Each structure stands twice: as C-alpha cells, then as structure tokens.
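A short write-up of the structure that comes next.
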Amino acid sequence: MKASPWRRAIRWGSRLDLAAWLLLVLFLGVLAGGVFPRRLLRAGLLQVIFVSAVALLALATLACTFRCWRRAWRAVRNAPERPEGLPHTASLSAPDGAPVGKVRAVLNAHGLQVSASSDSSGTLLRGCRYRLAPLGTLLTHVGALLGVSGGGLSWLQRAAELSPFTGDPGYPLVILAGVLLLAGTTLSFYFPQVWLLVWMGPDGALTLGGRAGARAWDFEQEFADIVAEIRSALETQP
Amino acid sequence: MMVTLAYFVLLLALAIGFAVRKGIFDRLPALLSAFAWALLSAGLAQRGWEAGHWPIAGRYEFALCWVWAILALSLLLVADQGRVVHAYLSPWPLAAAALVFTYALAFPDAQKAIAPLSPVLRSPWLQIHVLSALLAYGAAAVAAGLAVERLLAHESPLERPALRMVAIGFTWLTLSILAGMVWAQGAWGRYWDWDIKEVWALGTWLWYLFLLHAHPFLRRREQRLAWLIIAGFALVSFTFAGVPWLVHLLRLETLHGY
C-alpha cells in the first residue's frame with residue numbers, strides 16, 4: 001500500500017540527514033553574520049537565506065516531532081518481549097534450576113528496576129533503567145520549536161518598534177524552550193534507557209538480552225559485566 | 001606563584017606524555033596533571049579569596065578556569081578508565097590545556113591584576129553562565145584532544161569518549177546560553193541582541209548540534225568526526241579569544257567587553 005503524500009512529506013521532513021544539512025546552512029549563515037557583522041546582516045539576500053533556513057528547519061523539526069512522539073511514547077510504554085531479538089545476547093546455564101533471586105540481585109545492583117513474570121515454560125526477568133529517557137528527544141524538539149517561535153515573536157515586536165516597556169512576548173517562550181532543550185539533552189545524554197531481559201527455562205538454561213539508547217556509551221561493557229557477574233553468582237553455592 | 005608552578009608542572013606532564021607513550025612511566029602524565037590541577041585549584045581559590053568573588057571576571061581568569069576544566073575532565077576520563085574506552089594517556093588534551101594556559105599567561109600584568117566585580121557582573125545568573133561555559137569549553141577541548149589523537153594514531157578509538165565529551169559540552173553550552181539570556185534580560189532589557197559574541201556563541205552551539213545530527217551519516221566516520229570535533233574546538237577558541245580581536249579589527253560595538 002502506498003503511503004499518502006502527507007505521510008511521505010512527514011517522513012522526508014523528519015530525516016536526520018536533512019536536519020543536519022539545514023543546521024549546516026544555518027551555521028554558515030550565522031558564521032557569515034559573525035565574520036561580516038551588521039553590514040552583511042543588513043543585506044536583504046542573506047536575511048532571506050537565514051530566515052528561510054530557520055523556517056525550513058522549524059518545519060523539519062515539526063515533522064520530526066510529529067513522527068517521533070509516537071515512537072518515543074512506545075519506547076517508554078512497551079517493554080521488550082523476549083531477550084533473543086535484542087542487540088546484545090548471551091547464554092548461560094544454571095544446573096541447580098532457575099536462580100531468580102541471584103539474577104535479580106545482580107540486576108538490582110546495576111540500578112535496574114526488575115519485574116518478573118512466570119508461566120509453565122519458564123521465568124522472565126525484565127530489568128529497566130531510565131524508562132522515560134526516550135522522551136528526551138521529544139523535549140528537545142518541542143524546545144527547538146518553542147525557541148524559534150519565541151525568537152520570531154521577539155523579532156516581530158522589534159520590527160513593529162513596539163515599546164520595550166510592554167515586555168517582550170518572545171522572552172518567556174525562549175526561556176521555556178531553553179529549559180526544555182536542557183531537560184531533553186540531559187535526559188538523552190546522561191540518563192539513556194537500558195533494558196536487560198533474562199529468560200530462565202526449567203532446564204536451567206538462561207538467555208540474556210540487552211538493549212540501550214544510542215547514548216548509553218558503556219552499555220556493551222556493562223552487559224558483559226552483568227553476564228560475568230551472573231555467571232559468578234551461579235557458580236557460588238547458596 | 002601557584003598558577004605559574006601549575007603551568008610548568010603541566011608542561012612537564014605534556015613532555016613526558018609525548019616522550020613516554022607506553023611503559024612503566026605511562027601513568028606519570030596523569031599523576032603530574034593531577035598535581036598541576038591541584039596547584040591551579042589552590043591558585044584560583046587564593047585569587048578568589050583575595051578578590052572576594054569567584055575568579056571568573058575577565059578573560060585572564062576565565063582562561064585559567066578553562067585550563068582547570070580541561071584538566072578536571074581529562075582526569076575524570078582517567079578515573080573512569082575501567083568503563084570508558086579512553087585515551088587518557090593521550091597528551092593531546094593536555095596540549096590543549098597547555099595552549100590555553102600559555103594564552104592566559106601571555107596577558108599583560110595589568111589585565112592579570114585582581115579587580116573588583118562590576119555591579120552588572122554580580123548576578124548569580126552570570127555565575128551560572130560562566131561556570132557552565134567553562135565546563136562546555138573544557139569538554140570541547142578534551143574532545144578535540146581525543147580527536148587529534150585519533151587522526152595521528154589510527155588504532156585509538158574515538159567515537160565513544162569523544163562523543164561523550166561533545167554531549168557533555170553541548171548540554172553545558174545550552175545551559176550557559178540560557179543563563180546568559182536570563183542575565184542579559186535583567187541587565188540590558190534584551191535577552192538577545194545579535195551582539196558579535198552572541199552570534200559566535202550561537203554559531204558554536206549550532207555547530208555541535210550539526211555534529212550530533214550528522215555523525216551517524218559520515219562516511220569514513222571516525223576520521224571525519226575527528227575533524228568536525230577539532231573544528232568545534234576552533235570555534236570555541238575563536239569565540240573566546242578571536243572575537244575580541246575581531247571587535248578591535250572591525251571596530252565593532254559589543255557589550256561583552258569583559
């Protein structure tokens with residue numbers, strides 16, 4: 001089934017490489033203003049290019065926000081079902097049966113909140129850290145949109161030469177935008193989401209699977225550490 | 001005195017770092033850097049005590065604090081070595097610190113003298129603005145040091161430690177600009193005035209935002225990422241040291257005269 005033009009436009013507008021190119025154009029515009037200030041900024045063509053780049057970037061951000069909020073919300077709400085399909089996997093065996101307590105203790109020690117579910121085929125432990133982190137991208141995008149809107153409002157007020165004593169209507173928006181950008185980047189960069197699932201079969205076979213946000217720089221190492229710690233815990237007699 | 005001593009200890013760490021890349025002395029640059037950082041911290045504390053305010057007034061003090069931030073972040077990478085694929089023994093972040101330190105010490109004595117803080121600079125927002133800018137600039141310098149290391153020694157991994165530094169720097173840069181806007185609104189009645197310094201700060205912020213969006217698409221990724229990070233440091237350095245020169249050269253008016 002072919003996607004509607006609207007959907008295709010949103011998909012195209014939310015491409016990361018498009019955002020990168022627009023940011024580069026905007027950067028070059030700002031750089032031109034920084035090297036040849038005032039004189040060049042008064043030049044009509046440069047203003048048109050700059051404002052067009054800002055407007056296009058705002059549209060791309062809007063498309064990206066439209067597309068990513070559902071993805072972000074899903075990532076927050078939905079836990080992975082099985083460990084096998086996750087990017088990092090490992091297998092262990094526990095000859096003495098399913099050591100739920102030991103595995104849970106290891107996951108807890110790594111700051112993961114663990115929930116357990118069991119059925120006749122085995123037990124699944126789900127560990128998660130910073131579950132809300134995928135909302136960080138959403139916050140930064142909403143922040144960027146608010147920032148552009150606030151900047152636009154301030155510009156309109158100055159262009160209309162309104163009295164400064166009436167207050168700048170763009171100021172609160174820009175500050176709110178800054179706070180959202182800050183919260184979003186902090187959430188994304190410092191508190192990336194981590195999932196770690198452990199499936200324990202009745203025969204003592206353990207399957208581990210892990211997934212982490214792109215900014216979880218150390219997750220590969222952490223996953224290896226957790227596997228080693230669980231292995232060590234299994235070898236320890238109760 | 002302590003500041004000058006810190007400078008020479010840092011140069012020693014740098015020289016040893018370049019001379020001894022591997023072997024029994026490979027931890028010496030980190031130890032000496034820690035010593036230089038402690039000396040610099042003491043020097044800055046003494047200066048702040050004598051001045052009665054944080055030592056962040058003027059470009060000399062800012063440059064010293066920038067060195068402090070570079071060394072602090074480099075040492076944090078060392079401390080975190082068990083978890084991060086790091087280049088902590090790389091002398092290049094230390095070289096960035098030495099470069100900034102040399103720039104600071106080259107200021108004429110009149111500009112190094114302790115001065116009272118002007119009333120407009122006494123706002124807590126200014127302190128947040130400057131302190132967060134210091135961390136951002138420090139992270140930019142460390143990331144650039146790691147990037148140079150990657151370009152010169154191809155086996156050195158770059159992406160994780162350098163991108164982590166860029167991410168740290170970007171967040172702090174955002175806070176710095178935000179706090180600066182709040183301060184400007186209070187001090188000048190306008191949160192943004194397209195002042196030359198503001199334009200360059202925005203340019204730097206946009207560059208890092210571009211870098212964070214573009215890095216997944218780069219072909220020959222690590223090498224190009226390294227160049228982008230080095231360009232980011234060049235921008236940061238120009239925003240700090242080059243803009244006053246540009247103001248003088250083009251006879252511009254700026255409110256960021258300190």
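This one's a predicted model, so the numbers in the text were calculated from it and none came from an experiment. Convention: sequence-line order gives letters A, B, ...; per-chain numbering from 1.
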Which portion of Leu249(B) sits near chain A, non-hydrogen atoms under 4.5 angstrom: neither
Cationic N near anionic O, under 4.0 Å, Arg15(A) to Asp17(A): yes
SB check Arg190(B) Glu198(B) (cutoff 4.0 Å): no
Here the pair of heavy atoms bringing Arg126(A) nearest to Pro80(A) is NE-O, 2.9 Å
Closest heavy-atom pair, Ile230(B) versus Ala147(B), reported as atoms and distance to 0.1 Å, is CG1-CB, 3.8 Å
Between [options], who has the most heavy-atom pairs with chain B when the cutoff is under 4.5 Å?
options: Val174(A), Leu28(A), Leu31(A); result: Val174(A)
options: Gly184(A), Ala214(A), Ser188(A), Ser154(A); result: Ser154(A)
options: Thr186(A), Ile175(A), Leu181(A), Leu22(A); result: Ile175(A)

With the side chain counted from C-beta on, respond yes when Thr140(A) and Leu180(A) share a heavy-atom pair under 4.5 Å apart, and no when they do not. no
Ring pair (Phe, Tyr, Trp, His ring centres under 6.0 Å) pairs touching residues 230-250 of chain B, sequence neighbours excluded, are Phe62(B)-Phe240(B), Trp66(B)-Phe240(B), Tyr103(B)-Phe240(B), Trp200(B)-Phe238(B)
Run the ring-centre check on Tyr191(B) versus Tyr171(A) and record whether the distance is less than 6.0 Å. yes
Do His110(A) and Glu222(A) have a side chain donor and acceptor closer than 3.5 Å? yes
Best-contacting candidate, Ile177(B), Leu202(B), Ile168(B), Leu211(B), against chain A by heavy atom pairs under 4.5 angstrom: Ile168(B)
By residue number, those in residues 169-176 of chain B with heavy atoms under 4.5 Å from heavy atoms of chain A are Phe170(B), Thr171(B), Trp172(B), Thr174(B), Leu175(B)
